[in-house]
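Input: one structure, supplied below.
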Amino acid sequence: MSTETAAETLDVKGQNCPMPVVKTRGAFDDLAAGEVLEVIATDSGSMSDIAGWAESTDNAELVDQKEGTEGGEDVYKHYVRKTE
C-alpha cells in the first residue's frame, strides 16, 4: 500500500478461521469513515475469508491484499477501508 497509511493494524498471526474475520470485524467497527485497517495474518484461508467478509459488509471496501514472508513464515496482509 503506497498511497495511504493504515489507521490501525490488527495482528492475528497464528490464529485460524474464523478468528481473523471475527477480530477484523471488531477492529473495523472502531474505525472512522475513510480509515483503513491493516490486518496481518498467517492463515492462508484469510485471503478468501476477509475478501468474502468485505464483499458482504456494506461499508467495507477491500483495498488490497498482499502475500509475503516474515521470519520464515507466510504472512498475508489485508487492507480494508471503512466507506461510511
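Nothing here was measured: the structure is a model prediction, and the numbers come from that model.
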_Which atom of Glu38 lies closest to which atom of Ala6, heavy atoms considered_ = CB-CB, 3.6 Å

_Membership question, hydrophobic clusters at under 4.5 Å side-chain separation (ILVMFWY): are Met19 and Val39 in the same one?_
no

*asked:* Could you go through Asp43 and Cys17, starting from their C-alpha distance and side-chain angles, then the distance that decides it, and tell me whether this counts as side chain to side chain contact (heavy atoms under 4.5 Å, CB included)?
replied: CA-CA 7 Å; Asp43 178 10; Cys17 186; 3.9 Å; yes

*For the student: nearest non-hydrogen atoms of Ser46 and His78, plus distance*: OG-NE2, 2.9 Å

*By ring-ring contact (aromatic ring centres under 6.0 Å, His included) - contacts of Tyr76 (at least two apart)*: none

_Between Lys77 and Met47, is there a side-chain heavy-atom distance shorter than 4.5 Å?_
no

*Counting only N and O atoms by type, is there a donor-acceptor contact under 3.5 Å from the side chain of Asp49 to the main-chain atoms of Val21?*
no

*Qualifying side-chain hydrogen bond (donor to acceptor under 3.5 Å, both in side chains) pairs with a residue from residues 20-37, counting only residues at least two apart or across chains*: Gln15-Lys23

*Do Thr83 and Glu61 have side-chain atoms, one donor and one acceptor, less than 3.5 Å apart?*
no

*Going by heavy atoms in the side chains, are Val12 and Ile40 under 4.5 Å from each other?*
no

*Glu67/Val75 under side chain to side chain contact (heavy atoms under 4.5 Å, CB included): CA gap, chis, key distance, verdict*: CA-CA 6 Å; Glu67 293 182 51; Val75 175; over 6 Å; no

*Is the backbone of Gly14 close enough, under 3.5 Å, to the side chain of Thr42 for a donor and an acceptor to pair up by distance?*
yes

*Kindly indicate whether the side chain of Phe28, heavy atoms from C-beta on, has any atom under 4.5 Å from the side chain of Asn59.*
yes

_Just so I know, are the side chains of Tyr79 and Leu62 near enough to count as touching, which here means a heavy-atom distance under 4.5 Å?_
no

_Heavy-atom side-chain contact between Val80 and Ile50 under 4.5 Å_ = yes

_Under 3.5 Å: donor-acceptor pair, side chain of Thr57, backbone of Ala54_ = no

*What's the spacing between Asp74 CG and Thr69 OG1 if we round to 0.5 Å?*
5.0 Å

*Would you sort out whether Glu70 and Lys13 count as a side chain to side chain contact (heavy atoms under 4.5 Å, CB included), showing the intermediate values?*
CA-CA 11 Å; Glu70 288 180 12; Lys13 290 188 283 197; 4.0 Å; yes

